[in-house]
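Atoms within a ligand are numbered from 1 in the order they appear, just like the ligands themselves.
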Amino acid sequence: MTSEFHKIWPSHADHAARMKDEFDMYYGGECPMKIKEASWISLKQAASTVVPVFRKQFLCGKPVRSAALEVTCDGVYEAVLNGRRVGDFILAPGWTEYRKRLQVQTYDVKDLLTESNTLEITVANGWYRRTNAPWTGTQNPDEFLPAMLIAALHLVFEDGVEMTILTDASWEAAESSVTLSGIFIGEDVDMTRVPAFEPAVVCDFPKCALIPQEGPQVREQETVYPCASFRTPRGEWVIDFGQNLTGYMAFELDAHAGERLSVSTAEVLDRDGNFYTANYRSARSQLHYICREGHQAYKPRFTFFGFRYLRIDEAPVGFSADQIHAVVLHSEMRRTGWLTSSDPMLNQLFSNILWSQKGNYLDIPTDCPQRDERYGWTGDGQLFCRTATYQFDVRQFFRKWLADVRAAQHENGWVPEVVPSLTAYKPGGAAWSDAVTIIPWQLYQTYGDLSFLGDMYEAMTRWIAYIPTVSTTENLWTGCWTYGDWLALDAPEDYHPATIELSKRGYSNDDLICSAFYANSVDIVIRAGTLLGRDVSAYQALHERIAAAYKKLFGCRLNTQTEKVLTLHFNLSDNPQELAEALAAQIVACGTKLQTGLLGTSYLLHELCRYGYGELAWSLLLRKEYPGWLYPISKGATTMWEHWDGIKPDGTFWDDDMNSYNHYAYGSVGDWVFGVACGIQPAEPGFARARIAPLPDPRVGSLGAVLDTMHGRVRSFWKHTDAGIRYEIDTPVPAEIVIDGKSRCVPAGRYLFGQ
Ligand code: BGC
């Protein structure tokens, strides 16, 4: 059997050996599950694009006490037992650092069993075999793997007898009705096809990477119905869902065999109101469905889309918009935070931040859900993490992803730019790789759970130990690649960078950015190490040296807004008040506009408020013109945009190439709204004590936040009344309440200030 697999897939003997080595290094070769007794199986003729389905028929002659199905694959699968879907995990087994970690799901299938049973499991490419988009310039070697399944069904009968059905040569395999599938492609389905089953092939592929399910499952979360159906000026039939979302379309129709439904997706319409897909780049993002005879319902099973609009390219006669709806997908997470205000534009911003988290927390924290990317960009992940912890309980979500960060960390300590990593990945550099320190620290702050720090401490120390090995200056981080202050707006007109990538990074000094993040990561290691009882004296001395060298080299060269913001945020200035004043003056001098990119923008409002420039912070938030948070809303945004001017005032696009309309990085302002404008912060990790210091602004009538913390519900609400400002505060724990600069420590309770 083994040799038969290697005859068909010769290159994979090598791959398998490599994978096993990597795993042994990581886990010491342990594979803890029952599924380890099963064999990987594939379809013999797997050369076409058609997605295989595997089948096992078996009898169950006596009453069953329990039935557990363990399953995973090198792609994404859907299991069906006796015609009913097993579980509701969409896109199982999710996306992990596959060579070291491949999750196995266990389902209770007792209620699906009958006397004579058919178990069918379809395995599509998913992320495992189709993640490297053309723009990465590399090919995923796993692309040449066959679709493989491994499963074990363990039955215990009422009489105590046990039976285990394992994937092996007794299973059958066939080409399914899904003729083409891919995360970026979408799905082609031909319901007229009748699968021709033949014996499956056993594959000698390692089982060492198999681990039990760790993350929350991706599930269908909401249904959205069309709000409009119309013809564009070009004559296209377009359906509008009114909300940019991540998920898929689902439909029900009557048709004759061979009739087709073809659907394309888009996030926005162009200036003339026509369907626009160029920003998806090479992601085809379509569904092509060939009907069978009669009544039928379908939704794509192995892919997802980021869209607000659908274009019906072809449909059976009589098909109408009310036969199709959208299904929202994201990882299972409990909602914990709510914001509301008297200002409809702010409320739309809050909604956009929320929807961008929903749309990008699909098994991993992605940069965007629509174009040929959808990767776990570490920088975006850490910048948004604090906001994410206000909106949802993300403990399990990040516990799994951080395990992948550890698995993806290079042996010399660097952390990749995207996790799970791509095959030709590189270090993420400042602010991206620093996700390894920043995210666990944030999770500890929000949830008070030390295990986030314990789990990551070694990875953190390995990361900061790597920096001096590549830096060109002692005690600083210089001379290295960085994405800089990505997408900053402050490059002068005559600045002609050598590469396109440079042109997207603004004008902040790379060495300053790197060194500031280096100082911050060392600082987090000191704080985490102290909590964990480690000896951190060497890190303390290192931090002092970094701070001194930073002040000496950059202290008088703080030019851009972001340079000032980072210096303030990471406490690297001897005269922070003066520096904040200079920052405020600079912002006002350029027309009360932010010029910051991804990095500076996340901390800008926080730092302004910290040094007494709350009104200016509010002015930036409330700005309706480009650049600013409310400008996209004036252009109809329902999620956060990658560029403030993704759609320009004249209706043209920023660009086709890098123009996502569901990119949460600038949504990181959510943590300023919860934490400063509403003023809800943990005074002790996990909100064992709270600090509630709201910051009202006369331009906003009222604002309120509700937050479900580990210790109960905190509520902070303020409102302008004829008599002044009224504050309503609920705290389930002792809190420091700060109103108008006056602080008081109070026990748990409900408090009212003003009238
Ligand atoms: C992603 C970003 C990411 C960046 C790297 C982009 O293509 O969408 O959000 O952080 O690359 O700078």
Q: Could you walk me through whether Trp481 and Tyr483 pass the ring pair (Phe, Tyr, Trp, His ring centres under 6.0 Å) test, one step at a time?
A: CA-CA 7 Å; Trp481 158 257; Tyr483 282 108; 4.9 Å; yes
Q: One thing to verify: whether Asp650 and Lys648 come together as a salt bridge, which I'm taking to mean a side-chain N less than 4.0 angstrom from a carboxylate O.
A: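 So Lys648 does not pair with Asp650 through a salt bridge.
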Q: Contact residues of ligand 1 with a heavy-atom cut-off of under 4.0 Å?
A: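 Close residues (ligand 1, cut-off 4.0 Å): Asp367, Arg371, Glu373, Trp377, Asp380, Trp432, Tyr483, Trp486, Glu642, His663.
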Q: Between Tyr361 and Phe397, does the ring centroid distance fall short of 6.0 Å?
A: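 When the ring centroids of Tyr361 and Phe397 are compared, they turn out to be within the sub-6.0 Å range.
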Q: Below 3.5 Å, can you tabulate the donor-acceptor pairs from side chains in residues 437-445 to any protein atom, sequence neighbours excluded?
A:
from, atom 1, to, atom 2, distance (Å)
Thr437, OG1, Asp434, O, 3.0
Thr437, OG1, Ser521, OG, 2.8
Gln442, NE2, Thr446, OG1, 3.0

Q: Could you label the plane-to-plane angle of the Phe307 and Phe241 rings as parallel, tilted or perpendicular, counting under 30° as parallel and over 60° as perpendicular?
A: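 If you compare the ring of Phe307 with that of Phe241, the planes turn out perpendicular.
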Q: Test the Arg284-Phe184 pair against the cation-pi criterion, namely NZ or CZ under 6.0 angstrom from the six-membered ring centroid and within 45° of the ring axis.
A: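 Judged by the rule, Arg284 and Phe184 form no cation-pi pair.
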